[in-house]
Every structure is written in C-alpha cells, then in structure tokens.
Amino acid sequence: MSEESEGGNLSKTWYQKVLQDWDIDRLLTDLESRIQKRYRQNTKKDLLLGLLCGYSLTKISQDLYMNNTVVRVGLSNIYRDIETLTREPNNSVRSSNLICILERHGYRRGVAVPHNLPSPTYTEFIGREADMKKLLERLSPEHGAHMITVHGIGGVGKTALVLAAAYLCLKASNENSSDAPKFDAIIFTSAKQQELIPDMILQRQQGQRNLREIFRVIANALNDSTIIQSPPNDQFERVRQCLSKQRTLLIVDNMETIEDRDEVIEFLYNLPICVKVVITTRERIALLPISLRNLPLNDGLQLIQQQAEEKGITIQDEDSSLLYDRTGGIPLAIVYALGQVSSGYSLNFVLEQLASATGDVARFCFEQSVQGTKGQPPHKLLMSLAIFPDAPIQAAVAEVAGLTSDPDSVSNGLVRLQQLSLVNLNPETKRYEMLSLTREYALAQLAAYPDFEREARRRWVRWYLDFAYSYGGEDWEKWIHYNRLKEEEGNLRAVLYWCKNQDHYAEVKDLWLLLNHYANLYAYWDDRLDWLQWLIEQSERRGEWSSLVKFMIRKTWLLIRECSPESLKKADEILQQAWVLRHHADSCVQADLAESIARLQIRQKDYQDAHHWLKVEEKLVIEANLEDRKHIRYFIPVLYHRAEIFYSEGEYLLAKKLFQDVMESAEKINWYRVINSAQNWLADIAIEQGDRDEAQKLLTQGLTVAKSTNNKRRLARYQRSLARWERKWGSVQKACQLSTQAINSFEHLGMTRDAEEMQTLLNSP
C-alpha cells in the first residue's frame with residue numbers, strides 16, 4: 001500500500017500513526033469485501049485514517065484542503081459503512097465511539113500501552129472480589145460511568161484496589177484479551193504525602209498536588225511535550241485534545257490532599273467520554289462511589305498468612321485471629337504489624353502499639369482526617385460513638401455528645417464523619433457503625449479529653465437507665481418491648497460493667513432490676529449469678545436491706561431452675577436468710593419470697609410444705625390490697641404452682657382446671673409468657689389423658705409463640721413435650737431428634753435436672 005493517498009493530501013505522519021496502532025490493511029479489506037465499495041485508493045481512506053488518529057472534523061478538513069460540508073458527508077458515509085461491517089445498530093456509530101467499536105471487533109494492533117503505573121507492592125492481590133468486579137464493570141466502555149470514586153479510611157486499600165484493576169486492564173490491553181476493559185493509555189497521578197512503612201511514616205517528596213502537576217504527569221506519560229510547552233491558560237484544552245485521541249484510564253490518587261481540588265474536579269468532569277477517571281479519597285464524593293471497608297475475616301486471615309510467608313514469619317492461627325481483631329481487618333495495619341514483627345518486635349508489643357493514638361498506624365490512618373474536626377461537633381460525636389461497643393442509634397449518640405439541643409450540628413456532624421469514612425450508617429438498622437481500629441483511636445482521643453469523657457460517660461449511663469425504664473421491667477408489663485432491649489443488649493451490658501468497675505452501685509442496682517426479667521427469660525446472660533452475688537454483697541455492705549432481699553430472691557430463682565443438689569441446697573440457705581430479713585421488704589416482695597420457697601419445695605418434691613408456702617403467699621397478696629391488675633399479677637403464681645403440684649401428683653383434672661384459670665387470669669393482664677407456659681402444661685396433661693388431637697393443637701400453637709418470642713427456656717420445654725407426643729403417637733426418629741434438641745437447650749440454660757430427665761426419656765426403650 002502506498003504511504004500517501006491518491007490525492008497526495010495525507011501526510012506520512014497520519015499514515016504512520018495509524019499503521020502503528022491499527023491493523024489498517026485488514027480493516028480496508030473487510031470494508032471493501034463487506035460493502036462492495038472501493039476504499040484503498042479513495043478519499044474515504046483519508047477520512048478514515050484521520051478519524052483513527054482522533055482528529056476533529058475541522059482538522060481533517062484543513063489537512064485535506066476540503067470543505068467542511070463535504071468532509072461531514074464523507075464521515076457520515078464511513079459511519080454507515082462501519083455499522084454494516086460490524087453489524088452495529090443503525091445510527092449507533094459516531095466519532096465518540098468509533099475507536100471503541102473497532103477495538104471491540106479486533107482491529108487494534110497489540111502494541112504496548114503507554115502507562116506510568118507504580119510497581120505493585122504485593123505478589124498477589126487478596127480479597128475485594130465484589131469491589132473489583134464493580135470497578136471493572138464501571139471501567140468498561142459499555143458502562144456510562146465517566147468518573148468513579150473509591151473511598152474509605154486511610155490504609156483500607158483504596159490505592160491497592162485501583163492499581164490492581166489498572167494492571168488487569170493493562171494486561172488485557174497489551175494482550176488484546178477480554179479479561180478486563182482495554183485502554184490505549186493508563187496514567188497514574190498521586191497527591192499522597194505520606195507512606196507508612198514498618199519503621200516510620202515516610203514523607204513523600206513528590207506528588208501531584210495541583211492541576212499543573214497533574215498536567216505534567218499526563219504529558220510525560222503520553223510523551224507529548226506540547227502540553228507543558230503550551231501557555232498555562234491553553235494547557236487544559238491541549239490535555240483534553242490529547243486525551244480525546246484514545247481511550248484513557250486516568251487515576252487521581254488521594255484527592256483529599258490536592259490543593260486546588262475544585263479546579264481538579266472541574267477538569268476531570270469536563271474530560272471527553274473516552275476517558276475513564278478513577279479517584280481515590282478518604283472523603284466521600286458523590287461520583288459513583290465504591291465504599292471500601294475492612295477486609296472480611298477469611299480475606300484478612302489470608303492476607304496475614306501471605307505477609308507472614310513473604311517476611312519469613314511463622315504465625316499461629318490463634319495469633320492470626322488476634323491480629324485480625326486488633327487491626328480490624330485494615331490491610332495496611334496488617335502489613336505494618338507483620339513488618340514490625342519481622343524487624344524483631346514481639347507480636348504482643350506490636351498489638352499494643354496498634355491501639356495507641358500516637359502510634360504510626362493511628363496517625364497515618366486517622367490523624368489527618370480527625371485533625372480538622374477537633375473542638376467541633378464531629379469530634380465530640382466521634383469520641384461519643386467510641387463509648388458504645390455496639391452500633392448506636394442517632395438519639396443515643398447525640399445525648400452522649402451533649403448535642404441534643406442542636407440537632408442540626410448532630411446531623412451535619414455525623415454526615416461529616418461519614419464523608420471522612422470514620423463511621424458508616426447501616427441503612428437497614430439505622431445505626432452508626434465504626435471499625436474496631438477506628439474505635440480504638442477514638443477511645444484514645446476520648447481519654448485525652450478527661451472533662452468531656454466524664455460528662456459523656458455520665459450522659460451515657462443516664463440515657464440507658466431511661467431506656468431500660470421505658471422498655472425493661474417485669475415481663476407482664478413490658479414483655480412486648482423486650483425486642484428493644486435485645487437491640488441494645490451489648491451496650492446495656494457495657495454500661496453495667498463500666499458502672500461496676502467505677503463502683504457506681506446505685507446505677508448498677510437500678511439498671512439490673514429493670515433488666516432482670518429480660519436477662520433471665522430471654523437473654524440468658526451466663527454471668528447472671530455473678531452479677532447478683534456482687535449486688536448482694538454491695539447492698540449488704542451498704543445496709544440496703546430491701547434491695548438485699550430482692551437480689552437474694554432473684555439469685556435463688558436461678559439456683560432453683562438449675563435444680564442440682566448443690567444449687568438447691570444453696571437456694572435453701574439464701575431463702576432462710578431472706579425470710580429473716582423479710583420485714584425490710586414490702587408485701588409484694590415478701591409474696592415473691594414465699595413463692596420462691598414454694599418453688600424450692602416443689603423441686604424437692606415436698607408438696608405438703610409447698611402448699612403451706614403457697615397459702616402464705618396468697619395471704620400476703622390479699623393483705624397487700626393491690627389494685628386489680630397488680631392483684632391478678634401476684635395471685636397467678638399461687639394458682640400456677642398449685643396446678644404444677646397437682647400435675648406432679650397425677651391429679652390431672654384438678655391441674656387442668658387450675659391451668660385454665662391461670663390462662664384466663666393471664667389474658668386479663670396480657671401476661672403472654674404465662675399464657676404460653678400454661679398452654680404447655682395443658683398439652684402435657686392432654687398427652688397423659690391420651691387426647692392426641694388436643695395435645696397436638698396446643699403444642700403447635702404454643703411452639704409458634706415460643707419461637708416468635710425467642711424464649712429459649714419455654715422452647716426447650718415445648719421440644720420436650722413434642723418429643724413425648726412423637727414417642728407416643730408419631731415418629732420414634734423425630735422423638736429422638738426433639739429429645740436431643742431439648743437436652744442441648746436445657747444444658748445450655750444450666751437446667752441440669754431437666755436435661756437429665758430428658759436423657760432418661762431418650763434412653764428408655
């Protein structure tokens with residue numbers, strides 16, 4: 001083929017540029033064979049070569065000495081011919097996508113793509129599969145995204161993800177594969193001022209911190225000196241023209257440290273559509289964001305093993321899990337920590353340093369972001385958020401920060417913390433979440449402001465006392481609200497432990513009394529006996545005899561439920577002591593005390609003594625002269641335990657009548673837990689009486705309620721009853737399965753006698 005067109009108007013520069021980048025001979029042959037038109041010795045070839053060089057209609061007209069209208073008509077014909085050749089939809093080919101379409105159909109030559117990507121710092125990129133997939137999808141020419149942001153806290157792996165994607169694109173471009181989007185040029189610019197290495201925070205001497213420096217990097221990457229040789233006011237347009245000639249991936253790293261950020265964003269926004277821009281930043285920018293958080297557990301552990309192997313370190317599984325927890329799954333913190341270990345520091349020392357507010361990791365990841373918020377609402381909110389071990393709701397954070405009188409500052413402050421990637425709002429729970437490493441840093445910040453911490457802690461305790469007062473209490477009054485307690489269980493426990501450690505007895509006492517029924521019936525905290533023993537000791541030391549009796553009763557409630565010989569003996573001793581102190585308590589507490597003694601006698605199968613104590617309880621309830629609802633509440637246990645005794649003695653008709661009375665009374669005050677419990681007893685009575693259908697109906701209804709309320713103790717007892725039903729009328733295999741489930745549940749709840757009785761049933765022929 002001749003180096004110049006038939007008319008002699010095409011310069012050698014044009015032709016050599018196209019010959020270098022495109023398989024022009026195959027393209028011309030395909031066009032002529034497909035559309036039956038002459039292309040090789042025709043003005044159309046000149047026009048096509050001009051388009052492939054990325055030149056505008058005006059430049060093509062000038063270089064070919066042709067009228068603009070003639071060139072426009074000729075280009076329109078070329079677009080139609082390309083549509084015919086590639087089978088693209090009518091009127092879909094234009095100057096802006098011509099190169100992409102021809103590239104997609106394989107006419108681009110496999111020449112090395114110019115790039116200035118830094119060398120990878122890893123042998124294998126680990127994790128982030130979903131984020132990588134999303135990023136590559138948005139880099140595809142089929143996706144309409146022009147600017148993409150990847151944001152997250154320092155060290156979370158923003159730059160690593162983007163560079164890993166860029167190298168995939170580079171490989172696909174050089175090898176003309178379809179593994180990733182292909183580009184004609186890939187340009188990396190970074191305004192990063194610091195690098196964290198195992199020994200120190202390294203200050204970077206070079207970086208592209210303004211628009212002019214970004215222009216210089218683009219010029220060097222494209223080997224186009226005309227960009228920086230142009231007058232400053234013309235450089236933008238010159239860069240735009242250069243980038244419009246090919247598909248370019250432009251990476252702008254660390255946007256938050258760029259000096260003229262608004263000007264840079266305006267420049268990026270106005271680039272041609274053939275340029276894909278990826279921005280990494282610690283601050284959220286509303287430009288098709290990809291939010292990076294900590295690595296999931298499996299990916300974090302894999303990264304730990306990879307880094308350990310590369311650095312010649314042997315790390316045990318237990319230490320790997322500990323390192324993951326302490327770093328919160330932040331990749332840079334993991335790499336830094338293992339780098340420190342490889343330098344000779346012990347793992348324990350490194351783990352301690354990770355939480356230090358003045359340590360390298362904390363300063364690198366957080367100091368720059370937090371520095372600008374100090375003394376302002378966002379900083380107060382950040383420190384307040386750290387007090388909550390579990391993600392809190394906005395109202396709680398605002399109260400602890402002392403900002404309830406200024407709701408706008410709360411909303412704006414929380415938005416700012418999200419923009420800085422220091423917290424995240426969970427859209428489903430509407431709670432503010434914080435990475436563990438961020439929380440450690442924020443707690444260190446809190447300790448640096450002791451006056452604020454003292455007041456914030458006081459407000460924290462007060463808020464949860466008010467919360468427990470609203471949603472806690474006895475289950476006959478507040479059972480329907482216990483789901484709210486479940487949502488805040490971790491934070492409530494944290495308040496209890498903090499108050500205990502600070503010797504704030506009054507707050508622990510008030511909070512525990514409000515949470516006692518919830519903890520015993522639904523939460524099953526395994527440290528309940530320890531808490532009650534501490535409260536018993538503290539109330540006795542302070543001479544608070546009324547509170548002492550209450551806590552003694554609540555402790556025996558758990559000991560009797562455990563029902564081992566040792567626990568029953570201990571319960572007997574405590575109840576005898578409590579009875580001596582009963583005059584310090586009101587009639588309702590004394591009635592509870594009599595009920596606990598009756599429960600103990602029932603467990604010891606001393607039914608005659610149990611009847612005596614139920615009469616004592618009944619007398620105390622009557623003498624209390626309570627209002628109707630409260631009278632029903634305190635009289636129901638008398639009926640309930642009498643019915644339980646009759647069942648144990650085989651008096652099923654009497655037991656049935658009393659349990660029906662229990663249900664009727666409980667329905668009057670909406671005491672749903674007791675209704676569910678009485679229904680279980682009635683099902684057991686139906687089984688004993690051989691009433692198969694009635695037993696099945698009661699068990700089906702009751703089991704549904706037990707599951708929905710998450711009452712594990714009642715659920716275990718329904719499993720026990722269902723096992724008996726299946727053993728008598730249903731499947732032996734299913735009976736064994738239900739028995740095993742019940743045994744496991746009883747053992748988990750510490751109900752040893754129930755578990756042993758269930759095991760006996762399971763082993764019986």
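We're numbering straight along the sequence, starting at 1.
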[atom1]/[X] to [atom2]/[Y] distance, rounded to the nearest 0.5 angstrom?
X: Ile218; Y: Arg216; atom1: CD1; atom2: CZ; result: 12.0 Å
X: Leu322; Y: Asn348; atom1: CG; atom2: CG; result: 7.5 Å
X: Leu435; Y: Tyr441; atom1: CG; atom2: OH; result: 15.0 Å
X: Gln394; Y: Tyr432; atom1: CD; atom2: OH; result: 4.0 Å
X: Ile265; Y: Asp260; atom1: CD1; atom2: CG; result: 10.0 Å
X: Ile315; Y: Ser320; atom1: CD1; atom2: OG; result: 4.0 Å

Side chain to side chain contact (heavy atoms under 4.5 Å, CB included) between Arg282 and Ile153, intermediate numbers included: CA-CA 5 Å; Arg282 297 187 184 193; Ile153 64 169; over 6 Å; no
Between Val341 and Tyr336, is the side chain to side chain contact (heavy atoms under 4.5 Å, CB included) condition met? List the steps. CA-CA 9 Å; Val341 173; Tyr336 172 86; over 6 Å; no
[X] versus [Y]: any side-chain heavy-atom pair under 4.5 Å?
X: Asn220; Y: Asn116; answer: no
X: Leu98; Y: Leu102; answer: yes
X: Glu83; Y: Ser92; answer: yes
X: Phe188; Y: Ser190; answer: yes
X: Ile393; Y: Phe388; answer: no
X: Val252; Y: Ile258; answer: yes
X: Leu385; Y: Val423; answer: yes
X: Tyr324; Y: Asn298; answer: no

- Query: Below 6.0 angstrom between ring centroids: does that apply to Phe215 and Phe267?
  - Reply: yes
Are the side chain of [X] and the backbone N or O of [Y] linked by a donor-acceptor pair below 3.5 Å?
X: Arg326; Y: Leu351; answer: yes
X: Asn174; Y: Val113; answer: yes
X: Arg439; Y: Ala386; answer: yes
X: Arg284; Y: Gln418; answer: yes
X: Asn97; Y: Arg94; answer: yes
X: His115; Y: Leu249; answer: no

The side-chain contact (heavy atoms from CB on, under 4.5 Å) partner of Ile290 among Thr149, Leu135, Val278 is Leu135
Among Ile214, Val275, Ile251, Leu243, the one residue meeting side-chain contact (heavy atoms from CB on, under 4.5 Å) with Ile187: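 Only one option passes, and that is Leu243.
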Return yes when atom [atom1] of [X] has more than 12 non-hydrogen atoms of other residues, nucleotides or ligands closer than 6.0 Å, and no otherwise.
X: Ile273; atom1: CD1; value: no
X: Asn270; atom1: CG; value: yes
X: Gln376; atom1: CD; value: yes
X: Lys374; atom1: NZ; value: yes
X: Glu237; atom1: CD; value: yes
X: Lys276; atom1: NZ; value: yes

Check this for me, if you would: do [X] and [Y] make a salt bridge, where the nitrogen-to-carboxylate-oxygen distance has to be below 4.0 angstrom?
X: Arg128; Y: Asp299; result: no
X: Arg431; Y: Asp390; result: no
X: Glu88; Y: Arg80; result: no

Does a donor on one side chain and an acceptor on the other come within less than 3.5 Å for [X] and [Y]?
X: Asp253; Y: Thr280; value: yes
X: Lys311; Y: Gln307; value: yes
X: Gln445; Y: His379; value: yes
X: Ser421; Y: Glu283; value: no

Would you name the heavy atoms of [X] and [Y] that are closest together and state the gap between them?
X: Leu323; Y: Ala337; result: CD1-CB, 3.7 Å
X: Asp224; Y: Cys242; result: OD2-SG, 2.9 Å
X: Ala221; Y: Pro114; result: O-CB, 3.8 Å
X: Ile279; Y: Met255; result: CG2-CB, 3.5 Å
X: Val350; Y: Tyr345; result: CG2-CB, 3.8 Å
X: Tyr167; Y: Pro118; result: OH-O, 2.7 Å

Worksheet item: Are Phe183 and Leu139 close enough, and set up right, to give a side chain to side chain contact (heavy atoms under 4.5 Å, CB included), and what steps lead you there?
Response: CA-CA 10 Å; Phe183 292 93; Leu139 290 176; 4.3 Å; yes
Hits for side-chain hydrogen bond (donor to acceptor under 3.5 Å, both in side chains) against Asn426, two or more places apart or cross-chain, chain-then-number order -> Glu433
Applying side-chain hydrogen bond (donor to acceptor under 3.5 Å, both in side chains), can you list everything that pairs with Thr281, at least two apart in sequence or on another chain?
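By the side-chain hydrogen bond (donor to acceptor under 3.5 Å, both in side chains) rule, Thr281 matches Glu256.
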Item to complete: Determine, stepwise, if the pair Lys245 / Asp184 fulfils salt bridge (charged side-chain N to carboxylate O under 4.0 Å, His left out).
Response: CA-CA 9 Å; Lys245 297 175 184 178; Asp184 304 315; over 6 Å; no
Evaluate Leu168 against Met132 for side chain to side chain contact (heavy atoms under 4.5 Å, CB included), listing each step before the verdict. CA-CA 10 Å; Leu168 289 176; Met132 178 66 78; 4.1 Å; yes
Donor-acceptor pairs under 3.5 angstrom involving side-chain atoms of residues 228-236: please list them, not counting sequence neighbours.
residue : atom : partner : partner atom : Å
Ser230  : OG   : Thr226  : O            : 2.5
Gln235  : NE2  : Ser230  : O            : 3.3

